[in-house]
Amino acid sequence: MPKAIRIHEYGGPEVMRYEDVTVGDPGPGQIRVRQSAIGVNFIDIYFRSGLYKAPQLPFTPGNEGAGQVVAVGEGVTGFSPGERVAYGSASGTYAEEVVIDAKSVVRVPDGIDDDTAAAMMLKGLTTQYLLRRTYKVQPGDTILFHAAAGGVGLIATQWAKHLGATVIGTVGSQDKVALAREHGCDHVILYRTEDFAARVKEITGGKGCQVVYDGVGQATFPASLDCLRPFGYFVNFGSASGPVTQFDINLLAQKGSLYATRPTLFTHTADRAVLEEMAADLFEVVRSGAVKIPVHTRAKLADASKVHADLAGRQTTGATVMHPR
C-alpha cells in the first residue's frame, strides 16, 4: 500500500505518523499523481500545530509537490497519464500518491526537474503574487523583505532584483548574511540584534521603502510600518514568529497613510486562468536563469518529523524537498 504522513491530533512534530493509506480512483475533475518530490513549507507547520484547522482529523498535510499523472477522472481535459505535473495549492501531498483537483495542477515544462518544480510552486507562486499582483514592484523601487534567507525570501529577492528594485533583506543570524547577498540583497540587516527600522531609514536616506513584505509576523511588527514611506504597502503573508494579533488600524494613518494587506496564495489560485498566468510567469523567470530555485535540504518522507523540527527551529535555508522513498 502507498504510504503517507497522517496527523491524528494537533501538536508538535511528533504527532506526524508514517502510515499505510488507501488512495482511491480520481473522481470527476480530479487526477491521481504518483509523486516524485514533495515541497515543504511553513504553512504545513501551521496546519500540524492547529493554528490553521484542517477540515477534519486525521488528515495528511502538504500543499506542494510534483510527479507523474497515473489516472484522470471524469471530465478532466488537458491532462493525460504519463505527464509531469506540479502544484502549490493542493492538499494532502505528504504522500507517495495523491488524488487532487485538476484545477490546481499545471504541467511542468521541459528544463525544470521534479525537485525544482516541487520546491518552486508554493514559494514561487507566493513570490509571484507578492511582487507582481499585491504590490507591483517597479524599477527604482526600494523594498524590504523579511527572512530573506528563507524559502520564499531567496526566490523573492532574486526576482525583485531582476525587476530593478533595490532590495533590503533581513535575516536572523550572521551565517545567513552571505546567502542573502548572493540571492539579490543589496543590504542585509540582522533583525534580531539590529534596529532594522533605523537601519532602513539610514539606507534610504530617511525616505523609507515603497513596500515591506513580511512573513515573520509578531517579531517584526509594528516596526515594519516604520520602514515605509508615506502611502507605502505593508504586506503580511505569514506568521513564522507568531501571528500579529493586535492591529490598530489607526497606526496606518499615524505612520503615513499606509496600506496593509494579508493576502494568501489560495485566493489567487482559485481562478484557473490566474493560476496559469502566474505559473507561466514563474516558469519564465526560472527557465531564463533570472531566478534560481535553491534546494538546500533533501529528506525522506518518513523523516517528516525531523524536517518540521528543523524548519521550526530556523535550522534551514532555501527550500526543503522530501522524496517519497
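Numbers here simply count residues along the sequence, with the first being 1.
In this structure, Met322 is a member of the same hydrophobic cluster as Val108, with clusters built from ILVMFWY side-chain heavy atoms closer than 4.5 Å. No continuous path of ILVMFWY side-chain contacts below 4.5 Å connects Val200 to Val177, so the two sit in separate hydrophobic clusters. The cluster map of Ile, Leu, Val, Met, Phe, Trp and Tyr, joined by side-chain heavy atoms under 4.5 Å apart, puts Ile31 and Tyr94 in different clusters. Linking Ile, Leu, Val, Met, Phe, Trp and Tyr residues whenever their side-chain heavy atoms come within less than 4.5 Å places Tyr52 and Tyr10 in a single cluster. Under the 4.5 Å side-chain heavy-atom criterion for grouping Ile, Leu, Val, Met, Phe, Trp and Tyr, Met121 is connected to Leu131 within one hydrophobic cluster.
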Evaluate the side chain to side chain contact (heavy atoms under 4.5 Å, CB included) criterion for residues Leu225 and Gln254: first the C-alpha distance (whole Å), next the side-chain angles of each, then the deciding distance (0.1 Å), finally the verdict. CA-CA 10 Å; Leu225 302 182; Gln254 295 166 15; over 6 Å; no

Residue pair Phe221, Gln246: steps toward the side chain to side chain contact (heavy atoms under 4.5 Å, CB included) verdict: CA-CA 10 Å; Phe221 186 84; Gln246 299 296 324; over 6 Å; no

Determine, step by step, whether Val70 and Val33 satisfy the side chain to side chain contact (heavy atoms under 4.5 Å, CB included) criterion, reporting the C-alpha distance in whole Å, the side-chain angles of both residues, the deciding distance to 0.1 Å, and the verdict. CA-CA 6 Å; Val70 293; Val33 179; over 6 Å; no

For side chain to side chain contact (heavy atoms under 4.5 Å, CB included), just list the numbers for Tyr259 and Thr261, CA-CA rounded to whole Å, side-chain angles, deciding distance to a tenth of an Å, and then say yes or no. CA-CA 7 Å; Tyr259 296 89; Thr261 183; over 6 Å; no

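Checked by atom type and distance alone, the side chain of Asn63 pairs as donor or acceptor with a backbone atom of Ala90 at under 3.5 Å. The backbone N or O of Lys292 sits less than 3.5 Å from a side-chain atom of Gln158, completing a donor-acceptor pair. Panel note: side chain Lys123, backbone Gly39; no donor-acceptor pair is recorded below 3.5 Å. Between the side chain of Arg132 and the backbone N or O of Met278, no donor-acceptor pair lies under 3.5 Å. Formation of a donor-acceptor pair under 3.5 Å by the Thr93 side chain with backbone atoms of Glu64 is found in this model. Arg48 contributes a side-chain N or O that, together with a main-chain N or O of Gly11, makes up a donor-acceptor pair within less than 3.5 Å. For Thr170 (side chain) and Ala147 (main-chain N/O), a donor-acceptor pair under 3.5 Å exists by modelled atom type. Side chain of Asp101 to main chain of Lys103: no donor-acceptor pair is present (N/O by atom type, distance under 3.5 Å, no hydrogens or angles). A donor-acceptor pair is defined here as one N or O able to donate and one able to accept, closer than 3.5 Å; no such pair exists between the side chain of Asp214 and the backbone of Asn236.
Ring centers of His183 and Phe145: at least 6.0 Å apart, outside the cut-off.
For Cys185 against Val188, the heavy-atom pair with the smallest separation is CB-CG2, 3.8 Å. Shortest non-hydrogen contact noted between His8 and Pro58 is ND1-CB, 3.6 Å. Scanning both residues, Ser36 and Asp114, for their nearest heavy atoms gives OG-OD2, 2.6 Å. When all heavy atoms are compared, the tightest approach of Leu154 to His296 is CD1-CE1, 4.0 Å. Between Phe237 and Gly215 the shortest heavy-atom distance is CE2-N, 3.4 Å. Nearest approach of Leu144 to Cys227, heavy atoms of both residues: CD2-SG, 3.7 Å.
Aromatic ring pairs are classed by plane angle as parallel below 30°, tilted from 30° to 60° and perpendicular above 60°; the pair Tyr233 and Tyr135 is tilted. Relative ring orientation between Phe247 and Phe234 is described as parallel, the plane-to-plane angle staying below 30° on a 0-90° scale split at 30° and 60°.
Counting non-hydrogen atoms of other residues, nucleotides and ligands closer than 6.0 Å to NZ of Lys3 gives a total above 12. Asp175 CG: more than 12 foreign heavy atoms inside a 6.0 Å radius. Within 6.0 Å of atom CD in Gln138, more than 12 heavy atoms from other residues, nucleotides or ligands are found, so the atom counts as buried in its surroundings. Within a 6.0 Å radius of CD in Glu74, other residues, nucleotides and ligands contribute 12 heavy atoms or fewer.
The distance from the CH2 atom of Trp159 to the CG atom of Leu130 is 10.0 Å, given to the nearest 0.5 Å. Thr126 OG1 to Leu265 CG: the interatomic distance, rounded to the nearest 0.5 Å, is 4.5 Å. The OG atom of Ser224 sits 4.0 Å away from atom CZ of Phe196, with the distance rounded to the nearest 0.5 Å. With rounding to the nearest 0.5 angstrom, the CG atom of Leu125 is 7.5 Å from the OG1 atom of Thr269. To the nearest 0.5 Å, the span separating CG on Asp115 from CD1 on Ile38 amounts to 10.5 Å. Considering OG1 of Thr320 and NE2 of His308, their distance stands at 9.5 Å, rounded to 0.5 Å.
Side-chain contact between Thr142 and Gln210 is present, with at least one heavy-atom pair separated by less than 4.5 Å. Ser257 is not listed as a side-chain neighbour of Pro230, based on a closest heavy-atom distance of 4.5 Å or more. Inter-residue side-chain proximity for Leu122 and Ile43 is flagged as met; some heavy-atom pair is nearer than 4.5 Å. In this structure, Val321 and Val40 have side chains that are not in contact, with every pair of non-hydrogen atoms separated by 4.5 Å or more. Within the 4.5 Å cutoff, the side chain of Ile143 has no heavy atoms near those of the Cys209 side chain. In this structure, the side chains of Gln35 and Leu301 stay at 4.5 Å or more apart for every pair of heavy atoms. At least one side-chain heavy atom of Val212 sits less than 4.5 Å from a side-chain heavy atom of Leu228. Here the side chains of Gln128 and Val285 are not in contact, with every heavy-atom distance at 4.5 Å or above.
Taking the ring axis of Phe59 as reference, the NZ or CZ atom of Lys53 does not stay both within 45° of it and closer than 6.0 Å to the ring centre.
Screening Lys300, Arg325, Arg34 for a salt bridge (charged side-chain N to carboxylate O under 4.0 Å, His left out) involving Glu96 leaves a single residue, Arg325.
By the 4.0 Å N-to-carboxylate-O rule, Lys306 lies close enough to Asp310 to be salt-bridged with it. A salt bridge links Lys161 to Asp186: one of the charged nitrogens lies within less than 4.0 Å of a carboxylate oxygen.
In this structure, a donor-acceptor pair under 3.5 Å is present between the side chains of Thr116 and Asp113. Inspection of the His187 and Glu202 side chains reveals no N or O donor paired with an N or O acceptor under 3.5 Å.
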